[in-house]
Amino acid sequence: MNEPQQSFNKALKIMMGLGVLLPFLVASYTCQLLCTSLVEKALTFSAVFLFVFLIFWIVARTIVQFLDE
């Protein structure tokens with residue numbers, strides 16, 4: 001009976017890990033390509049990180065809703 005809860009917790013940890021790691025990688029790569037000054041890097045990183053995180057979260061929630069149906 002504990003098996004579904006453990007698999008859910010494991011899946012949640014993986015989703016949160018990917019939700020932070022993937023946007024971080026995309027944002028850091030984008031900053032390296034586009035920006036030269038530290039202020040530009042900080043602003044671009046935060047904007048791209050937030051945008052990619054929101055995209056990831058929307059896609060993840062959509063997949064979860066489709067799987068629940």
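Only a predicted model underlies this, so the values are computations on that prediction, with no experimental measurement involved.
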> Taking atom CH2 of Trp57 and atom OG1 of Thr62, what is their separation to the nearest 0.5 Å?
Replying inline: 11.5 Å
> With side chains defined as the heavy atoms from C-beta onward, is the minimum distance between Val52 and Leu22 less than 4.5 Å?
Replying inline: no
> Going hydrophobic residue to hydrophobic residue with side-chain gaps under 4.5 angstrom, can you get from Val59 over to Leu21?
Replying inline: no
> Can you tell me how far CD1 of Ile63 sits from CD1 of Ile58, rounded to the nearest 0.5 angstrom?
Replying inline: 12.0 Å
>> Please report the interatomic distance CZ(Phe49) to CG(Leu25), rounded to the nearest 0.5 Å.
In response: 10.0 Å
>> Between Phe24 and Phe53, is the ring centroid distance below 6.0 Å?
In response: no
> Roughly how far apart are Lys41 NZ and Thr36 OG1, rounded to 0.5 Å?
Replying inline: 8.0 Å
>> I need the minimum non-hydrogen distance between Val48 and Ala27, along with the two atoms involved.
In response: CG1-CA, 3.6 Å
